[in-house]
2 protein chains.
Amino acid sequence: MGRDRATLADVAERAGLSKTAASMVLNGREGTRLSAEAHQRVFAAAEELGYRPNVAARSLRTRKTATIAFVSDIVATTRFAGGLIRGALDAARERDHVLLITETQGDAAFEQYAIDAILDRQVDGVIYAAMATRRLAVPPAILGGRVVLLNATSAEPLPSVLPDDERAGARIAETLLAHGHRDRIALIGRNRQKERDPEISLAAAARLRGIRGTLADAGVTLSTEGFCPEWQPEHGYTATRALLRRPTRPSAIICMNDRLAFGAYQALGEAGLSIPGDISMISFDDDPIATWLRPKLSTAALPHEQMGRRAVELLVDGDTHEPSYVPMPLRRRRSVGAPAG
Amino acid sequence: MGRDRATLADVAERAGLSKTAASMVLNGREGTRLSAEAHQRVFAAAEELGYRPNVAARSLRTRKTATIAFVSDIVATTRFAGGLIRGALDAARERDHVLLITETQGDAAFEQYAIDAILDRQVDGVIYAAMATRRLAVPPAILGGRVVLLNATSAEPLPSVLPDDERAGARIAETLLAHGHRDRIALIGRNRQKERDPEISLAAAARLRGIRGTLADAGVTLSTEGFCPEWQPEHGYTATRALLRRPTRPSAIICMNDRLAFGAYQALGEAGLSIPGDISMISFDDDPIATWLRPKLSTAALPHEQMGRRAVELLVDGDTHEPSYVPMPLRRRRSVGAPAG
DNA sequence: CAGCCTCGCTAAACTGATTTAGCAGAGCAT
DNA sequence: ATGCTCTGCTAAATCAGTTTAGCGAGGCTG
């Protein structure tokens, strides 16, 4: 693999020029006074030899590696991670960069290992990503170079990429209002920890703000707010059952994510209620299950691919220190209708 | 980032020795005749300066990068990918290696880009991974170095890591037999393409072999075999509805994967049938949804993490050219019971 | 006492690129 | 004829390691 590759010296020799000349031509240096003919000869020689520069040699000299480190807590492991990585991968390729992936698993020793590995390899920049949108502490060691926070913010004034959860909450509320829902809109998934501790989640509070704000503008308040210890299907199920035991049945349920909505579907199914005939459902994330449900679930999509892409763009091209909010497109499917009776 | 790092020359100077001596000590070279005291001094100096070798410089000379390329068709994007990558990441860290991740998306130009990037960086080895277990063609350019196939095989005699689908099929059949199911066992998910074309899937045929073989040993044959164009929930739903229209209702359904099983659950729910009271369900993959379903689904887990780990082990330490089959543990949950009536 | 070996260590070459400093020749003005 | 500038190009240093070849001192042998 990579044996007997042509070196710059080979190219220069074949072109009948010096390494200096070859290097300058191939790097498209301005202001050099090399003749058009010299350019031709170098390009031809490089082409014929299939020349490709040795990255190690180049970065030894230039301290640039065309490599971006993608460091995350547990991103790579999660179903959502894929989009983040794919977007980053695509954008990196467009810029002729490559991605070095690392996971800290929230473990200090692993994080240290990751940082050392990154520093040893002199990556051009670091994308520091979190699984759940949250505020985190960036290890000081990497602050010497370019850093972009992905799905996270921090105390340091670093560029960051975040989903626009508040806006998404507003869109979801608007959608329900537009279908005629007003005073029987329930919410499932409130969670004190997630709403209060930005180190755990920024999404919860933002989504809630968006929902409440928009409803308030229409003079509406949420009729019921169901708390869940975790945003997992079983809690959505339990919370929905609790909801159905109350005297007035909601006309619509907003779930804080699709997994909760999945649990809610199960509970509604068991209760013999139909969606959206009896109750409308709407949610956040656009997890793959959203399209597997019957009827398919309307939900505000986490734009993972866009976010991963934006992170690389900011890292390579960017200069902002403002948080960059990526819109969460609303996937309109079949789970929202007019209020029953 | 990585400014003003101590170099080997700094260490040597502080230790009052030559670069040669320092290099040899730090690399733990055998057969060198450097004194114990020289060792001490070098280690002390390195420690005090926080010395870490520059990877670019080292690999320029040694052609080793302590980097493994993880090339896949669309693995990084998929929900299943996480486990593969995490396992590989863990094993790589244990061996002081790092992972360079690339996606070809099945596109020839992207693949070429990935290969060039890999060759330019002189990675120590390549893990060539497929999303669906299948046979594939390995680009000749990377055959010069170490290559391990992950979730795939190829015509070349390369080490490969595969899930033991046949064994899993057998375990699933055994489980149903043990619960007393015999002549009313149905199967959902047959698919000519997947079963016949190894470039599409090796899993389908292997699973089927395992199931059929074990049932045959007990003198049992599958009562119904439902075909599905894709292994997606909606096809599981449709196939199950078709199944329920037949005169004899199955006592158990084997699904070729959990997504089909999910669709089957939906159909059974609508038909008012209970699991496992009326019909037992069992499946393959251990997708996250398996534990979200009510009741939780028994399924043979794809051991992604183990597989990723094994791939790195084979790449770094290994010497086999045999395919390495990783067992698929059976997750026994609540979806299998005794046959009804 | 010469010759040889071992010990403990180092100088210098080498990896493959980029970059700085500068050289030879032509053209032109004085 | 001399000095100057401009053009087109190159030699050599540099990046930070690894590796080869070998040196000087001391001890042992014959």
Side-chain angles (χ1 to χ4, degrees), chain A residues 1-43 45-46 49-67 96 119-122 124, chain B residues 1-43 45-46 49-67 96 119-122 124:
Chain A
M1 189 152 56
R3 266 322 64 72
D4 56 271
R5 307 223 310 180
T7 69
L8 185 65
D10 297 333
V11 173
E13 191 188 357
R14 185 176 189 106
L17 289 163
S18 67
K19 283 193 327 181
T20 310
S23 171
M24 288 174 155
V25 169
L26 292 176
N27 288 313
R29 279 270 286 251
E30 309 277 321
T32 165
R33 295 184 291 254
L34 292 161
S35 65
E37 207 226 320
H39 277 79
Q40 286 303 325
R41 291 219 306 275
V42 170
F43 285 132
L49 297 173
Y51 170 73
R52 299 215 105 226
N54 177 318
V55 172
R58 169 177 288 171
S59 39
L60 177 56
R61 185 75 233 257
T62 61
R63 297 176 175 289
K64 299 222 172 299
T65 50
T67 302
D96 244 305
L119 261 28
D120 292 353
R121 286 173 180 75
Q122 305 187 120
D124 294 349
Chain B
M1 191 152 55
R3 266 321 66 72
D4 58 89
R5 307 226 307 179
T7 69
L8 185 63
D10 298 332
V11 173
E13 193 187 355
R14 186 178 188 102
L17 289 164
S18 67
K19 281 195 329 182
T20 311
S23 171
M24 286 174 156
V25 167
L26 292 175
N27 287 313
R29 279 271 283 252
E30 309 275 321
T32 165
R33 294 185 292 251
L34 292 160
S35 64
E37 208 225 320
H39 277 78
Q40 287 301 328
R41 291 218 307 274
V42 171
F43 285 132
L49 297 173
Y51 171 72
R52 298 216 106 226
N54 177 317
V55 173
R58 169 177 287 169
S59 39
L60 177 56
R61 183 77 234 255
T62 61
R63 297 174 176 289
K64 299 223 171 296
T65 49
T67 301
D96 245 304
L119 260 29
D120 291 352
R121 276 158 242 265
Q122 307 188 116
D124 295 348

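Throughout, protein chains are lettered first and strands after them, A, B, ... in sequence-line order, and every chain is numbered starting at 1.
The CD atom of B:Glu30 sits 16 Å away from the P atom of C:dG8 (whole-angstrom rounding). The nearest whole Å value for the distance from the CZ atom in A:Arg5 to the P atom in C:dG16 is 10 Å. Following rounding to the nearest Å, B:Arg121 (CZ) and C:dA17 (P) show an atom-to-atom distance of 14 Å. Between A:Asn27 atom CG and C:dA17 atom C1' there is a gap of 9 Å when expressed in whole angstrom units. Taking atom CD of B:Glu13 as the reference point, atom P of C:dT10 lies 13 Å away to the nearest angstrom. D:dT20 atom P lies 9 Å from atom CE of B:Met24, rounded to whole Å. One atom, NZ of B:Lys64, and another, C1' of C:dT15, lie 14 Å apart when rounded to the nearest Å. Distance A:Gln122 CD to D:dG17 P: 9 Å, rounded to the nearest Å.
A:Arg33 contributes a side-chain N or O that forms a donor-acceptor pair with the base of D:dG8 under 3.5 Å. The base of D:dG17 is paired with the side chain of B:Lys19 by a donor and an acceptor separated by under 3.5 Å. No donor-acceptor contact under 3.5 Å links the side chain of B:Thr20 to the base of D:dT20.
Ranked by how close their nearest DNA chain C nucleotide is to the 5' end, B:Ala21 and B:Arg61 are led by B:Ala21. Each of B:Arg29 and B:Leu60 lies near DNA chain D, and the nucleotide nearest B:Leu60 is the one positioned closer to the 5' end.
In this structure, the nucleotide among C:dT15, D:dC9, C:dA17 sitting nearest to the side chain of A:Leu34 is D:dC9. When distances run from any side-chain atom of B:Ala38 to the nucleotides D:dC9, C:dC9, D:dG17, the shortest one goes to C:dC9. Distances from the side chain of B:Arg58 to the nucleotides C:dA17, D:dG17, C:dT15 place D:dG17 closest.
Remark: B:Tyr51 is not in phosphate contact with D:dA16, judged by side-chain N or O atoms under 4.0 Å from OP1 or OP2. Dashed line: the shortest gap from a side-chain N or O of A:Ser23 to OP1 or OP2 of C:dT18 is under 4.0 Å. Phosphate proximity of C:dT10 to B:Ser18: present, with a side-chain N or O under 4.0 Å from OP1 or OP2. Put simply, A:Asn54 has no side-chain N or O that comes within less than 4.0 Å of OP1 or OP2 on C:dT15. Using a 4.0 Å cut-off, some side-chain N or O of B:Ser35 falls inside it from OP1 or OP2 of C:dC9.
Considering only heavy atoms from C-beta on, B:Leu119 stays 4.5 Å or farther from A:Arg52 through its side chain. Within the 4.5 Å cutoff, side-chain heavy atoms of A:Arg58 are placed close to those of A:Asn27.
Pairing each heavy atom of B:Lys19 with each of B:Ala12, the nearest pair is N-CB, 3.7 Å. Residue B:Val11 comes nearest to B:Ala46 through the heavy atom pair CG1-N, 3.9 Å, listed as atom of the first residue, atom of the second, then distance.
Under the side-chain contact (heavy atoms from CB on, under 4.5 Å) rule, B:Ser23 has a single partner from B:Leu8, B:Val42, B:Leu17, which is B:Leu8.
Put simply, the side chain of A:Thr65 gets close to the backbone of A:Gln122: a donor and an acceptor are under 3.5 Å apart.
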